[in-house]
Amino acid sequence: MEDPVLPLDECSDQSLVSRVCQDDAAAFSVLYDRYVRSVYALAAHMLDPQEAEDVVQEVFLRLWKKAHQYQETRGAFSTWLFAIARYNVLDRLRKYHQQQRLDKAWDIEILFSQALSEHSEVEEQFWQNHIGENVLYALSGLPAEQRRVLVLAYFSGLSHATIANHLGLPLGTVKKRIRLGLAKLRKTLTRGGILQDQEEDPISLQNEP
Amino acid sequence: MNDFDIFRKPEEMNCQQIQDQLEDYLFGALDREDHARFEHHLKSCSNCRRIVEQYQEVIHQLPQALAAASQLEAPLSMKTRLMKSVAGEASKSRRPGAFLHNGRPASWLRSLISLRLLTWSGLSPVFVMVILLVAVLSVAWNAHLSVALAKERSLRAEFANLVDQQELVLEVIDSDQTSRVILRPVDQDSRSYGKLFTRADMPHVVVMAARLQQPPPGQSYHLWVTYEGEIQHAGVLKLNEEGFGLLIFDDDQPGPGYESVQITLQPPDEIHNPGKLVLQWRGE
């Protein structure tokens, strides 16, 4: 654990999670403030407002009750939390028609396109103020067709075959774009310090355009 | 096919197949069997596990990018509501102070303090005795009310929980994404058995056991699961009079794959080491 006199809002996620495991509501409050905007955005762009609020409530209550299930050795805390949030959202999306899910994911893709075009002439430094902006910057480095399939697959939760059918593309093309998009995104996020530097990229980039 | 034939060892995947299906796995697009085979390989291959974890970190950055691009803000009232729930959860795990009500001295105590401070010097010993008697009766009545209210709250919570759990059980045990393993008795003369259900796309785990003998006084049936060579306590089974036991718990990942599952008999509070083995399943 970090220096006990460090203010809570300067503590690492891991340190705060350890405190939450000991019923520390103040540490929980800091984690909530850190991540609620992202969890809410994920839920509110795919579900109706009431469902989105329910998802946020469930995700953070799960954090409060099950914080001990997070294992630092298996990845960042945010990965664990967003995996739970995505699972909750997809669980509720099952009652929606495929087309509704695709429409909502398309709206997110349009939002990304607008955000990226509005800031295309701004210095890279601008994007690096916050993690979210840094990830947006990394997304701006992807060819639009790679970003599109990543966004549709992640947010709609539909199979790659469904997405290929929707886009009128062969399944292999969709898979290839996802693969290349992921590899590039990882490279940029690592360069920007968002992800830890690892050994050589495990996914082959031989076919990268 | 009988129950004991249902769980078959999945065909091994190699590292190349893991690479080929990486993105399907990351986005939850694998079918149940391939998902199980994929996870089976990850358990024994630290290299592939590392790759998967790296890419999970990549895809789950997307909500942060969305938050940066979006104008949507979580309503402030949500946090107030959540913190109230959290405070409620926290208080459940602590014994309430016998002399406190909502953080303040109970009303009978406040009255007594007040009387004592204001009129103590002018009271006769008999009157003091009467006041003390009233105070003792008040304590007893308060205690009785507290117990009754706590019992009612507990029953209501248990009922609400049961309704939720029924739906969850159906979701987990009856879907095309469901996997199950059969737990067999260690004692060959025993007719008891159990089943553990998981779903490839859910972290919930349902365990049922039947024909269990009623445990001796001071003992309960516990469930233990082994993951990556480490045995973990998963919970205590609720047992009815017919010897049917049920436990529902959440793993930290969808479709958890265990190396072994055990049901043991031991004291309810003993959650660090497995006790006497009753039922078990071992993966090959």
Side-chain angles (χ1 to χ4, degrees), chain A residues 23 25 28-29 32 36-42 44-45 53 56-57 60-61 64-66 69-71 74-76 78-80 82-83 85-87 90-91 108 111-112 114-115 130-133 135-136 139 150-151 153-155 157 159-160 175 178-179 182 185-186 189 194-195 198 202-203, chain B residues 15 18-24 26-31 47-79 81-83 85-87 89-91 93-94 171 201-203 228 232 249-254:
Chain A
D23 283 355
F28 173 79
S29 171
Y32 176 89
V36 66
R37 203 167 186 280
S38 300
V39 173
Y40 184 70
L42 171 63
H45 278 278
E53 290 195 23
V56 173
Q57 191 86 0
F60 283 96
L61 270 180
W64 176 252
K65 292 177 187 171
K66 308 275 184 183
Q69 289 184 346
Y70 164 62
Q71 294 172 32
R74 295 177 71 177
S78 61
T79 304
W80 182 75
F82 293 141
R86 181 172 181 259
Y87 166 79
L90 294 186
D91 195 37
I108 293 175
L111 196 67
F112 278 140
Q114 286 171 347
H130 297 100
I131 290 177
E133 287 159 355
V135 183
L136 259 184
L139 279 175
L150 273 180
V151 169
Y154 184 81
F155 290 102
S159 71
H160 298 161
K175 284 176 176 286
I178 286 179
R179 171 157 300 208
L182 277 177
L185 202 53
R186 176 174 172 270
L189 290 172
I194 298 296
L195 298 180
Q198 303 282 347
I203 290 184
Chain B
C15 294
I18 292 292
Q19 284 241 358
D20 291 344
Q21 302 198 34
L22 176 61
E23 62 270 30
D24 293 304
L26 289 172
F27 287 90
L30 285 181
D31 65 29
N47 192 42
C48 287
R49 195 165 61 240
R50 182 180 56 81
I51 293 168
V52 166
E53 286 167 1
Q54 281 176 28
Y55 278 90
Q56 279 172 333
E57 289 203 325
V58 175
I59 63 165
H60 288 304
Q61 297 296 329
L62 288 174
Q64 309 217 66
L66 179 58
S70 171
Q71 302 292 319
L72 294 179
E73 291 282 355
L76 286 176
S77 59
M78 278 170 51
K79 185 171 183 184
R81 219 167 56 237
L82 183 68
M83 294 311 287
S85 302
V86 162
E89 290 288 333
S91 67
S93 60
R94 292 181 202 119
E171 293 262 330
D201 57 339
M202 286 185 170
E228 293 182 345
Q232 295 171 356
F249 67 96
D250 287 355
D251 202 288
D252 59 354
Q253 58 184 335

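Residue A:F82 touches chain B through both its backbone and its side chain, counting heavy-atom pairs closer than 4.5 Å. With a threshold of 4.5 angstrom between heavy atoms, B:M78 approaches chain A through its backbone and through its side chain. Contact annotation for A:F28: only side-chain heavy atoms (C-beta onward) come within less than 4.5 Å of a heavy atom of chain B. Using a 4.5 Å cut-off between heavy atoms, B:E171 contacts chain A through its side chain alone, with no backbone atom that close.
The structure places CG of B:L62 at 9.5 Å from CG of A:L42, a figure rounded to the nearest 0.5 Å. In this structure, CZ in A:R74 is found 12.5 Å from CD in B:E57, a value given to the nearest 0.5 Å. Note that the CD atom of A:Q71 and the CG atom of B:D252 stand 5.5 Å from one another [nearest 0.5 Å]. Atom CG of A:L150 is separated from atom CG of B:L26 by 10.5 Å, given to the nearest 0.5 angstrom. In this structure, the separation between CZ on A:R186 and CD on B:Q61 is 12.0 Å, given to the nearest 0.5 Å.
Note on B:V58, B:D251, B:L66: by heavy-atom pairs under 4.5 Å with chain A, the leading option is B:L66. Options B:E53, B:K79, B:Q71 differ in how many heavy-atom pairs under 4.5 Å they form with chain A, and the most are formed by B:K79. Comparing A:A83, A:A85, A:G157, A:A25 by heavy-atom pairs within less than 4.5 Å of chain B, the highest count is held by A:A83. Interface check for chain B: of the options A:S78, A:S159, A:A153, the most heavy-atom pairs under 4.5 Å are formed by A:A153. Of the listed residues (A:F112, A:F155, A:Y70), the one with the most heavy-atom contacts under 4.5 Å to chain B is A:F112. Taking A:L111, A:V39, A:I178, A:L139 one by one and counting their heavy-atom pairs under 4.5 Å with chain B, the maximum is reached by A:L111.
Checking B:L22, B:D24, B:D20 one by one against A:K175, the side-chain contact (heavy atoms from CB on, under 4.5 Å) holds for a single residue, B:D24. Checked options A:Y154, A:Y87, A:W80; the residue passing with B:H60 is A:Y154 (criterion: ring pair (Phe, Tyr, Trp, His ring centres under 6.0 Å)).
Among residues two or more places apart in sequence or in another chain, the side chain to side chain contact (heavy atoms under 4.5 Å, CB included) test is passed with A:Q57 by A:L61, B:R81, B:L82, B:S85. B:D250 pairs by the salt bridge (Lys or Arg N to Asp or Glu O under 4.0 Å) definition with A:R62, not counting sequence neighbours.
Considering all non-hydrogen atoms of both residues, A:V36 and B:A74 come closest at CG2-CB, 3.9 Å. Between B:A65 and A:L136, the shortest heavy-atom distance links the atoms O-CG, 3.8 Å. B:S70 and A:R37 get closest at one heavy-atom pair: O-NH2, 3.1 Å. Across all their heavy atoms, B:A69 and A:A115 have their closest contact at CB-CB, 3.9 Å.
A:F60 is not listed as a side-chain neighbour of B:M83, based on a closest heavy-atom distance of 4.5 Å or more.
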